[in-house]
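Data block below; observations after.
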Amino acid sequence: MKTACIFDLDGVIVDTAKYHYLAWKRLANSLGFDFTEHDNEKLKGVSRIESLKLILRLGGKQLSAEEFEAALTRKNGWYLEYIQKIGPEEILPGAAEFLQSAKAKGMKVALGSASKNAVLILERIGLVNEFDAIVDGNKVSQAKPDPEVFLKAAQELAVDAEQCVVFEDAVAGVQAALNAKMAVVGIGEASVLHAAHTVLANFSGLSVDDVLARLPA
Ligand code: G6P
Ligand code: MG
């Protein structure tokens with residue numbers, strides 16, 4: 001029986017993916033190459049450090065350890081600038097309602113995000129007090145597709161992996177949930193997230209029971 005929901009943040013609860021993209025693109029451009037939306041798909045759910053490694057590989061660029069650190073700081077500064085004005089209006093369609101109905105059904109809810117900015121974002125969108133557990137990029141050492149973030153969330157909720165449903169918009173995140181032996185609902189396009197047990201465009205108009213019915217028992 002499913003008794004817990006674990007939500008990714010970026011691209012599932014809030015539309016921050018576009019700001020991550022803009023900040024990475026700005027960084028790539030400042031290093032002398034371009035970064036497309038197509039390539040950005042590979043960065044969704046991927047930690048800050050792994051993202052920069054991937055971007056540098058795509059651009060055929062090498063940085064010293066100091067330059068690497070400085071690039072991470074610059075990207076995060078731009079990202080923080082972009083998200084300065086976000087508020088509850090950037091919560092993705094139906095996400096807050098879905099979270100509330102899962103809670104009303106007695107399910108536990110956790111956040112499982114690679115982002116080190118997760119709490120700041122949850123505060124801005126007014127959802128920080130809605131979770132029974134928050135596991136973010138400050139609490140994990142392994143990037144998705146490693147299952148660490150979701151296993152930690154289950155541990156904090158005191159539930160087993162098979163009781164959890166993960167909501168993910170990223171290929172790496174779907175794989176992390178599968179690696180954790182959890183049921184996974186992809187949020188986005190089925191053609192991209194085909195490994196998920198089921199895929200929704202967004203949470204709009206869907207009850208928790210509708211979603212649970214689409215998952216393996
Ligand atoms: C999420 C996003 C990634 C981002 C990562 C780290 O998983 O999907 O695009 O790189 O978090 O976020 P941070 O806010 O710590 O840079
Ligand atoms: Mg995401």
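Ligands are counted one by one from 1 in listed order, and the atoms in each one are counted from 1 as well.
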| request: Find out whether Leu31 and Arg74 are in side-chain contact, i.e. whether some heavy atom of one side chain is under 4.5 Å from a heavy atom of the other. | output: yes

| note | Distance col, row Lys61:NZ vs Ile55:CD1, nearest 0.5 angstrom, shows 13.5 Å

| N/O separation below 3.5 Å, Asp8 to ligand 1 | no

| Using heavy atoms and a threshold below 4.0 Å, how should the contact between Ser51 and ligand 1 be classified: side chain, backbone, both, or neither? | side chain

| message | At less than 2.8 Å, how many protein N/O/S atoms surround the Mg ion (ligand 2)? Leave waters out. | response | 3

| message | If you count every heavy atom of other residues, nucleotides or ligands that lies below 6.0 Å from Glu89 atom CD, does the total exceed 12? | response | yes

| field | Distance-only polar pair, side chains of His20 and Lys44, donor-acceptor under 3.5 Å | value | no

| task | Could you tell me whether Lys116 and ligand 1 have an N or O pair separated by under 3.5 Å? | result | yes

| said: Test of understanding: with side chain to side chain donor-acceptor pair (under 3.5 Å), list the residues that count as partners of Lys25, not counting sequence neighbours. | reply: Asp34

| said: Testing His197, Glu168, His194 one by one against Val174 for a side chain to side chain contact (heavy atoms under 4.5 Å, CB included), which residue passes? | reply: Glu168

| request: Considering the heavy atoms of Asn117, write down every atom of ligand 1 situated less than 4.0 Å from one of them. | output: 13 (P), 14 (O)

| query | How far is atom 1 (C) of ligand 1 from its nearest protein heavy atom, and which residue and atom name does that atom have? | reply | Asp10 OD2, 3.1 Å

| said: Can you report which non-hydrogen protein atom sits closest to atom 9 (O) of ligand 1, along with the distance? | reply: Leu43 O, 3.5 Å

| query | Out of Val46, Val149, Leu72, whose heavy atom is nearest to atom 10 (O) of ligand 1? | reply | Val46

| request: Only counting residues at least two apart or in another chain, list the ones meeting ring pair (Phe, Tyr, Trp, His ring centres under 6.0 Å) with Tyr21. | output: Phe35

| said: Suppose clustering is done on Ile, Leu, Val, Met, Phe, Trp and Tyr with side-chain heavy atoms closer than 4.5 Å. Which residues sit in the same group as Val46? | reply: none

| message | Between Asn76 and Thr73, is there a side-chain donor-acceptor contact under 3.5 Å, judged purely by atom types and distance? | response | no

| task | Decide whether the shortest distance between a heavy atom of Gly45 and an atom of ligand 1 is less than 4.0 Å. | result | yes

| query | Among Gln84, Glu90, Glu81, which residue meets the side chain to side chain contact (heavy atoms under 4.5 Å, CB included) test with Tyr19? | reply | Glu90

| message | Is there a polar contact between ligand 1 and Ser115, counting only N or O atoms under 3.5 Å apart? | response | yes

| If you measure every N/O of Arg48 against every N/O of ligand 1, is any gap under 3.5 Å? | yes

| Once you round to the nearest 0.5 Å, how far does CG of Leu122 lie from CD1 of Ile13? | 6.5 Å

